[in-house]
Amino acid sequence: MQEGKLLTFVKELAILLESKPSEEMIFTKGKKLLENLITVDDWLAEDFSKPHPQYYQQYLLYADPLDRFSVVSFVWGPGQKTPLHNHTVWGMIGQLRGKEKGTPYYPQADGSYQAGEPCVCPPGHVDTVSPSTHDIHVVENNHLDQTSISIHVYGANIGKVQRHVYDPVSGLEKGFVSE
């Protein structure tokens, strides 16, 4: 891993968060910082970009010692996707390689979840999630023949956050913590 680019991103985001910005400011200034990180794909080490043949991989790149944020690379083999899930904290997803499709889901009166308009994210694109706007989605590799990689930044140490996966039809939820 080319430490310089990731370290620069981490330092700049830590400085931004030190000022206790609004979520809107995080999504404005923080998004620019993440765009700078993912603009040129020459820094992510091979160890953090290996797909698994059966399920998507998550590699922790950085966990802030004050639990203000974490940075994770998500590596998607062909056709792999997440279950319907939430985050409970703000998040930014920067597309580094390949293309991913993020589909927001919205709760319905009967307890089920309905898919919204999907967003296909090419390299360099940054998407956001938030409990205050839309926090429940499915993310998947948009390619059936190649790996895709995205860099996820969360507003907490995501490995300590209680989250949920949902059955889209029944609305039943199950708690989990990312490993």
[X] side-chain N/O to [Y] backbone N/O, donor-acceptor pair under 3.5 Å:
X	Y	answer
Ser130	Trp90	no
Gln95	Ile149	yes
Asp67	Asn157	no
Ser148	Glu100	no
His87	Val89	no
Trp43	Leu6	no
Glu173	Gly171	no

Check the pair Phe9 / Ile38 against side chain to side chain contact (heavy atoms under 4.5 Å, CB included), numbers first and verdict last.
CA-CA 10 Å; Phe9 170 76; Ile38 63 172; over 6 Å; no
If I compare all heavy atoms of [X] with all of [Y], which pair ends up nearest, and what's the gap?
X	Y	result
Val138	Tyr105	CG2-CE1, 3.7 Å
Ser112	Val169	CB-O, 3.1 Å
Ser178	Arg163	OG-NH1, 2.5 Å
Val129	His137	CG1-CE1, 3.6 Å
Leu13	Gly30	CD1-CA, 4.5 Å

Can you find a heavy atom in the side chain of Cys119 that is under 4.5 Å from one in the side chain of His125?
yes
Measure the spacing between NZ of Lys32 and CG of Leu34 and express it to the nearest 0.5 Å.
11.5 Å
Check ion pair Arg68-Glu18 (N to O, under 4.0 angstrom)
yes
Can you label the angle between the His152 ring and the Trp76 ring as parallel, tilted or perpendicular, going by 30° and 60°?
tilted
Anything under 30° is parallel, anything over 60° is perpendicular, the rest tilted; go ahead and classify Phe74 against Tyr56.
parallel
Are His85 and His164 close enough that their ring centres sit under 6.0 Å apart?
no
Please determine whether side chain to side chain contact (heavy atoms under 4.5 Å, CB included) holds for the pair Leu44 and Ser73, giving the CA-CA distance in whole Å, both sets of side-chain angles, and the decisive distance to 0.1 Å.
CA-CA 9 Å; Leu44 186 64; Ser73 69; 4.2 Å; yes
Set out, in order, the CA-CA distance, both residues' side-chain angles and the distance that settles side chain to side chain contact (heavy atoms under 4.5 Å, CB included) for Val10 and Leu61, then state yes or no.
CA-CA 10 Å; Val10 164; Leu61 302 178; over 6 Å; no
Using a distance-only test with no angle check, is there a side-chain donor-acceptor pair under 3.5 angstrom linking Tyr166 and Asn86?
yes
Pair Thr147, Arg97: side-chain N/O donor-acceptor within cut-off below 3.5 Å:
no
Counting neighbours of CD on Gln162 that are heavy atoms of other residues, nucleotides or ligands and sit closer than 6.0 Å, is the number greater than 12?
yes
For a side chain to side chain contact (heavy atoms under 4.5 Å, CB included) check, start with the C-alpha distance between Tyr106 and Gln108, then their side-chain angles and the critical distance, and finish with the verdict.
CA-CA 6 Å; Tyr106 301 96; Gln108 303 300 297; 4.1 Å; yes
